[in-house]
S.K.: 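Right, I'll just put the structure down here and ask away after.
Being a predicted model, the structure only gives us computed values, none of them experimental.
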Amino acid sequence: MTHPAVRLVDLRDTPLSVEEVTGVLDDPTDGGVTVFIGRVRDHDGGKGVSGLDYSAHPTALERLREVCDLVAARHEVHGIAAVHRVGHLDIGDVAVVVAAAAAHRGQAFDASRDLIDTLKDEVPIWKHQVFGDGTDEWVGAP
């Protein structure tokens with residue numbers, strides 16, 4: 001059963017929209033909406049990154065929903081949203097957008113941080129980075 005505060009949960013192979021995420025959290029009871037946008041950076045571990053691919057386990061969307069439900073239950077929020085990209089991404093592309101809406105900013109900040117941290121720890125999405133020197137690395141893979 002999905003927590004009533006969970007408004008949007010998805011994995012997509014198309015560009016993400018921050019406006020879509022904030023739009024589903026538009027509620028007059030909210031005094032604070034916090035958004036975290038994760039983007040592909042041009043470096044990691046001292047090496048230049050030329051691009052990357054995200055792969056998701058078949059259970060990743062279900063696990064992402066569970067994480068959103070858990071975070072919503074742990075915090076006094078009116079809305080939670082999380083969308084993650086899969087497939088090939090270039091430098092600067094948006095990889096993940098998470099957001100939380102609550103009556104007060106502190107609640108929204110706490111929930112957003114919990115959401116992105118728990119997502120990164122528990123949702124089976126793996127990053128394959130390609131470096132400028134031709135080497136590559138899997139991040140988060142089992």
Side-chain angles (χ1 to χ4, degrees), residues 1-132 135-142:
M1 180 79 176
T2 299
H3 190 283
V6 177
R7 305 282 176 81
L8 174 63
V9 180
D10 206 3
L11 299 178
R12 298 188 179 156
D13 62 0
T14 56
L16 304 183
S17 166
V18 175
E19 292 78 17
E20 176 190 19
V21 172
T22 57
V24 301
L25 300 177
D26 188 16
D27 189 310
T29 63
D30 297 325
V33 176
T34 58
V35 179
F36 172 80
I37 302 165
R39 297 177 0 140
V40 178
R41 63 182 177 265
D42 68 355
H43 66 281
D44 190 30
K47 291 179 158 182
V49 173
S50 59
L52 56 81
D53 291 277
Y54 279 102
S55 299
H57 188 272
T59 63
L61 182 56
E62 177 184 336
R63 187 65 191 123
L64 182 55
R65 281 191 185 102
E66 292 169 357
V67 165
C68 287
D69 285 340
L70 289 170
V71 170
R74 288 196 290 240
H75 299 274
E76 291 185 46
V77 293
H78 302 140
I80 288 280
V83 185
H84 203 296
R85 278 286 299 271
V86 293
H88 181 76
L89 283 79
D90 293 318
I91 304 305
D93 285 348
V94 174
V96 62
V97 180
V98 301
H104 302 284
R105 70 180 178 268
Q107 296 162 326
F109 275 116
D110 292 346
S112 286
R113 178 176 214 87
D114 189 12
L115 182 54
I116 190 60
D117 289 348
T118 306
L119 181 163
K120 297 295 272 179
D121 287 344
E122 299 184 17
V123 178
I125 298 173
W126 308 295
K127 178 170 58 173
H128 181 224
Q129 296 185 117
V130 178
F131 298 106
T135 60
D136 67 337
E137 171 187 49
W138 282 93
V139 179

S.K.: Are the side chain of R7 and the backbone of H78 linked by a donor-acceptor contact shorter than 3.5 Å?
M.R.: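 Answer holds: yes.
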
S.K.: Around F131, counting heavy atoms of other residues, nucleotides and ligands shown, do more than 12 lie under 6.0 Å from its CZ?
M.R.: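 Yes, enclosed.
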
S.K.: So, for R85 and L16, which heavy atoms are closest and what is the spacing to 0.1 Å?
M.R.: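 Nearest heavy atoms, R85 then L16: CG-CG, 3.6 Å.
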
S.K.: Can you find a heavy atom in the side chain of T135 that is under 4.5 Å from one in the side chain of E137?
M.R.: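 No, every pair of side-chain atoms sits at 4.5 Å or beyond.
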
S.K.: Counting distance only, does the side-chain N/O of D69 pair as donor-acceptor with the main-chain N or O of H3 below 3.5 Å?
M.R.: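 Side chain of D69 to backbone of H3, a donor-acceptor pair under 3.5 Å: yes, one is there.
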
S.K.: Near R12 CZ, under 6.0 Å, is it more than 12 heavy atoms from other residues, nucleotides or ligands?
M.R.: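 More than 12 heavy atoms, drawn from other residues, nucleotides or ligands, come within 6.0 Å of this atom.
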
S.K.: Give a yes or no answer on whether the side chain of Q107 reaches the backbone of H104 with a donor-acceptor pair at less than 3.5 Å.
M.R.: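 It does hold such a pair.
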
S.K.: Examine distances only and state if a side-chain atom of D136 and a backbone atom of V130 form a donor-acceptor pair shorter than 3.5 Å.
M.R.: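 A pair under 3.5 Å: no.
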
S.K.: What distance do H88 atom NE2 and H128 atom NE2 have between them, rounded to the nearest 0.5 Å?
M.R.: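 Separation between the atoms: 11.5 Å.
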
S.K.: Any idea which heavy atoms bring L64 and V123 closest together, and the distance?
M.R.: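 Closest approach of L64 to V123, heavy atoms only: CA-CG2, 3.8 Å.
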
S.K.: Using every non-hydrogen atom in the two residues, find where A111 and V77 come nearest and quote the distance to one decimal.
M.R.: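 For A111 versus V77, the nearest heavy atoms are CB-CG1, 3.5 Å.
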
S.K.: Got a donor-acceptor contact below 3.5 angstrom from the T34 side chain to the S112 backbone?
M.R.: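 No; judged by distance alone, with no hydrogens or angles, the pair does not exist.
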
S.K.: On a heavy-atom basis, which atom in L115 and which in A81 lie closest, and how many Å separate them?
M.R.: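 Closest pair (atom of L115, atom of A81, distance): CD2-O, 3.5 Å.
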
S.K.: For the CD atom on E122, are there more than 12 heavy atoms of other groups (residues, nucleotides or ligands in this structure) within a distance under 6.0 Å?
M.R.: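 Correct, the count exceeds 12.
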
S.K.: May I ask you to check whether D110 and H75 show a side-chain donor-acceptor distance below 3.5 Å?
M.R.: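 There is no such pair between these side chains.
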
S.K.: Any idea which heavy atoms bring D90 and V40 closest together, and the distance?
M.R.: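 Here D90 and V40 meet closest at O-CB, 3.4 Å.
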
S.K.: Rounded to the nearest 0.5 Å, how far apart are OG of S55 and NZ of K127?
M.R.: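 S55 OG to K127 NZ: 12.5 Å, rounded to 0.5 Å.
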
S.K.: To the nearest 0.5 Å, tell me how far L70 CG sits from R65 CZ.
M.R.: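 It is 14.0 Å, given to the nearest 0.5 Å.
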
S.K.: Run V9 and T2 through side-chain contact (heavy atoms from CB on, under 4.5 Å) and show every step you take.
M.R.: CA-CA 11 Å; V9 180; T2 299; over 6 Å; no

S.K.: Hey, what's the ring geometry for H57 with W126, parallel, tilted or perpendicular (30° and 60° as the breaks)?
M.R.: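 The rings of H57 and W126 stand perpendicular, inter-plane angle above 60°.
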
S.K.: What residues, two or more places apart in sequence or in another chain, satisfy salt bridge (Lys or Arg N to Asp or Glu O under 4.0 Å) together with E66?
M.R.: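 E66 satisfies salt bridge (Lys or Arg N to Asp or Glu O under 4.0 Å) with R63 once adjacent residues are dropped.
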
S.K.: Enter the distance from D42:CG to I91:CD1 here, rounded to the nearest 0.5 Å.
M.R.: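 Separation between the atoms: 6.0 Å.
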
S.K.: Can you tell me if T22 uses its side chain to pair, donor with acceptor, with the backbone of E19 under 3.5 Å?
M.R.: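 Pair found, side chain donor or acceptor close to backbone of E19.
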
S.K.: Can you name the closest pair of heavy atoms from V98 and V96 and give their distance?
M.R.: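 It is CG1-CG2, 4.1 Å.
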
S.K.: If you round to the nearest 0.5 Å, how far is CG of D53 from CG of D13?
M.R.: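 These two atoms lie 12.0 Å from each other.
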
S.K.: When you look at CZ of R74, are more than 12 heavy atoms from neighbouring residues, nucleotides or ligands closer to it than 6.0 Å?
M.R.: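 Yes - once you tally the heavy atoms of other residues, nucleotides and ligands closer than 6.0 Å, there are more than 12.
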
